[in-house]
Amino acid sequence: MSKVETVGRPANFIRNIINDDLANHKHEMVHTRFPPEPNGYLHIGHAKSICLNFGLAEDYQGQCNLRFDDTNPSKEDMEYVDSIKKDVAWLGFEWAGDIRYSSNYFDQFYGYACELIEKGLAYVCFLNAEESREFRGTLREAGKNSPHRDSSPAENLDLFAKMKNGDLKEGECVLRAKIDMTSSFMCLRDPTLYRVRFETHHQTGDKWCIYPMYDFAHCISDAIENITHSLCTLEFQDNRRLYDWVLDNLNDFNKPDRPHQYEFSRLNLEYTVMSKRKLHQLVDDNLVSGWDDPRMPTISGLRRRGYTAAALRDFAERIGISKVDSMTGMDILEAVIRDDLNKIAPRTMAVMDPIKVVIENYEGECESIQAPIHPQNEAMGKREIFFGKELYIDRADFAEVAPNGKYQRLALDKEVRLRNAYIVKAVRADTDAEGNFTTIYCTYDPETLGKNPADGRKVKGVIHFVEASKALPAVFRIYDRLFSVENPVKADDFESVLNTDSLAVKQGFVEPGLANSEAEKAYQFEREGYFCRDNQSGDVQVYNRTVALRDTWGTK
RNA sequence: AGGGCUGUAGCCAAGCGGUAAGGCAUCUGGUUUUGAUCCAGUGUACCGCAGGUUCGAAUCCUGCCAGCCCUGCCA
């Protein structure tokens, strides 16, 4: 039955279910939804879910809705709905029709709650929160029935109307489903359906003072929107019994083609945290610069860091979908962004820890050189760089004497190729009082521009540089993992295990061609890594390192 | 004797009774004006463990072990 292959993306258990459902004509199309609560910014775990839901809709020529699950006005805010819309669109997905809100259906929810009351399946309960907890029992012991459990439908209808009209106080009572106080599923022990909240809602204003709970609102919202496959994470597996109970007890939805819930495992990434609560805390405690700090696993943070939507979608595809509790390594995330940027990023040179070089035998001041924008893609054209009497190279690319035979950089009396330019040889170096090199004096071979030495001598090393008089000063932000341990959640206090070196700031120079570089556009600083101009730095040249180049040096 | 799930190489993950895909990482060569890219090659995975059914089991059955989730008027 699961033999209907969908080309393109890898198989997973949800695709198998969909293939079966389509083959059996349980559904004639696929309709999914992405249902975030607007109480925080989206992170890469949400990106996994977005790619799953929208990807399924694309592959099966179905539809995917974007629905804000806004049933709790005390935690939600328009700032979050705006950022979520932006992030989903940025990832490259189009939702079906208008944006939906669970709050669009508040009137219908009220009607369905009344239907349950009329059927004797829901009641208004006056136990307070603490009593309610006591009556619920424990994992090992059955709960006890509420004293209000057997009041009549007429009485409950009246009470529920009073709740709605604001005649009952917040916390005084709730509407509960009448299911089974002895169930081994805690969520079936007469769960709360509605609570009283005198709060202004970002969509419905002050119209309501009762708000539905997730378990009641979500399944009905799915059913109203004709969702076929309602995908969520593993912790909702028990809740599925309640999802089914609600729909099965409502006349409008008790039919074979109603939505069904399936659960997959959420994304855990090494060296970071993925819960909105913890991300909120990092922002509130000023441990990062905001939700879009480039070290954050948020979509806005990754975007500012220089990640592309294509890379994130590739990431989602490569990690797959399953029900296994897993911890994904950073290596996959780094692999996808390198793959993407390697293809599209223009090459440039930047020196982040400059040391001055004087070419002693150079006549004149400086000359222009045409360098490829991408050595493997000629179609990207050329850029103008400069070479002259004074240059900058990176401090790490010079040593007085080569430390070992594998050393391929500049050393006294040793030749090296300056990338895109000439072969130079170091003759001497000045040092300051502390012994740090201040200036390196070299000679260059004028016959080696664009060609190897005519005498056949081999120069293996290549280092990058920028010509001093035309160089643009720039600031570089070098990011590292946010936490110092693989799984910060395991620490007693996750903030205590933050990586104190997650950001290093350097001052140096970039090629003049970068004068008008765009924010969020990727550049490869050759031999260093992929960078992008920060999207909040204004006129100052500030570059965020997206990811370093792969470095197998030392292993070879 | 509470319930719901999950266990396939270092990590992610296909597989659904016919003799273990793929990706990442690793390692080895080759190309290279990026120690990058690219190309070629590279893995004895007691398929959590132990029994059983079968001509044949990662796939079916039984028992066990380990991990995750569930006692919000959060989602």
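This is a predicted model, so every value here is computed, not measured. Throughout, a chain's letter reflects where its sequence line sits, starting with A, and its residues are numbered from 1.
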Worksheet item: Given the C1' atoms of B:rA40 and B:rG4, what is the spacing between them in whole Å?
Response: 49 Å
Item to complete: Tell me whether the OP1 or OP2 atom of B:rC11 has a side-chain N or O from A:T328 closer than 4.0 Å.
Response: no
Item to complete: Answer yes or no: does a side-chain N or O of A:R266 lie under 4.0 Å from OP1 or OP2 of B:rC5?
Response: no
Worksheet, complete the sentence: A:R550 CZ to B:rC38 C1', in whole Å, measures 12 Å
Check: protein-nucleotides 20-22 of chain B nitrogen or oxygen pairs below 3.5 Å:
none

Discussion item. Rounded at 0.5 Å granularity, tell me how far CG in A:D238 sits from CZ in A:R240.
Written reply: 8.5 Å
Side-chain donor-acceptor pairs of residues 129-145 of chain A under 3.5 Å, sequence neighbours excluded:
{"unit_1": "A:E131", "atom_1": "OE1", "unit_2": "A:N128", "atom_2": "N", "d": "2.7"}
{"unit_1": "A:T138", "atom_1": "OG1", "unit_2": "A:R140", "atom_2": "N", "d": "3.2"}
{"unit_1": "A:T138", "atom_1": "OG1", "unit_2": "A:E141", "atom_2": "N", "d": "3.0"}

Worksheet item: Any side-chain N or O of A:R338 under 4.0 Å from OP1/OP2 of B:rU37?
Response: no
Discussion item. With rounding to the closest Å, how many angstrom separate the C1' atoms on B:rG63 and B:rU53?
Written reply: 15 Å
Response to the item:
Here the distance between atom P of B:rU34 and atom CG of A:N377, to the nearest Å, is 16 Å
Discussion item. Under a 4.0 Å threshold between the charged nitrogen and the carboxylate oxygen, would A:D339 count as salt-bridged to A:R318?
Written reply: yes
Item to complete: Ignoring the backbone of A:S132, work out which of B:rC73, B:rA75, B:rC24 is nearest its side chain.
Response: B:rC73
Fill in: Centroid separation A:Y543 to A:F525 less than 6.0 Å
yes
Fill in: d(CE, A:M327; C1', B:rU6) in whole Å
15 Å
Fill in: Cation-pi, A:Y444 ring and A:K425 (6.0 angstrom, 45 degrees)
no
Discussion item. The criterion is ring pair (Phe, Tyr, Trp, His ring centres under 6.0 Å); which residues satisfy it with A:Y112, sequence neighbours excluded?
Written reply: A:F253
Discussion item. Counting the atoms with a prime plus P, OP1 and OP2 as sugar-phosphate, which does A:E37 contact under 4.0 Å by heavy atoms, base, sugar-phosphate, or nothing?
Written reply: sugar-phosphate
Worksheet item: Using a cut-off of less than 4.0 Å, is there contact between a side-chain N or O of A:R140 and OP1 or OP2 of B:rG2?
Response: yes
Practice prompt. Calculate the interatomic distance between A:R277 atom CZ and B:rG72 atom C1'; express it in whole Å.
Written response: 14 Å
Item to complete: Measure the distance from CG on A:N19 to C1' on B:rA14 and round it to the nearest whole Å.
Response: 14 Å
Response to the item:
Taking B:rG72, B:rG35, B:rC5 as options, the one with an atom nearest any side-chain atom of A:K406 is B:rG35
Worksheet entry | Between P of B:rG4 and CG of A:L188, the distance in whole Å | 12 Å
Discussion item. Looking at A:N16, I'd like to know whether one of its side-chain N or O atoms comes within less than 4.0 Å of OP1 or OP2 on B:rG15.
Written reply: yes
Measure all distances between protein nitrogen or oxygen atoms and nitrogen or oxygen atoms of nucleotides 65-70 of chain B, and list the pairs falling under 3.5 Å.
{"unit_1": "B:rC68", "atom_1": "O2'", "unit_2": "A:D325", "atom_2": "OD2", "d": "3.3"}

Item to complete: Go through B:rA75, B:rU37, B:rU33 for me and flag the one nearest to the A:Q376 side chain.
Response: B:rU37
Worksheet item: Within less than 4.0 Å of OP1 or OP2 of B:rC74, is there a side-chain N or O belonging to A:T71?
Response: no
Worksheet item: So which of A:D394, A:D551, A:D397 actually passes side-chain hydrogen bond (donor to acceptor under 3.5 Å, both in side chains) with A:R527?
Response: A:D397
Discussion item. Could you check whether A:K164 makes a cation-pi contact with A:Y110, meaning its NZ or CZ is under 6.0 Å from the centre of the six-membered ring and within 45° of the ring axis?
Written reply: yes
Discussion item. If you take any heavy atom closer than 4.0 Å to RNA chain B, which residues from residues 190-199 of chain A end up in contact?
Written reply: A:T192, A:R195, A:R197
Worksheet item: Has A:T448 got a side-chain N or O lying under 4.0 Å from the OP1 or OP2 atom of B:rU33?
Response: no
Practice prompt. Could you please name the option among B:rG23, B:rC73, B:rA75 that lies closest to any side-chain atom of A:I332?
Written response: B:rG23
Item to complete: Could you measure between the two P atoms, the one in B:rA58 and the one in B:rA36, and give it in whole Å?
Response: 41 Å
Discussion item. Once pairs are restricted to Watson-Crick or G-U wobble with both distances under 3.5 Å, how does RNA chain B read as a dot-bracket string, [ ] for crossings and | for other-strand pairs?
Written reply: .(((((((.[[[..)..(...]]]..((((.......))))......[[[[[..)....]]]]])))))).....
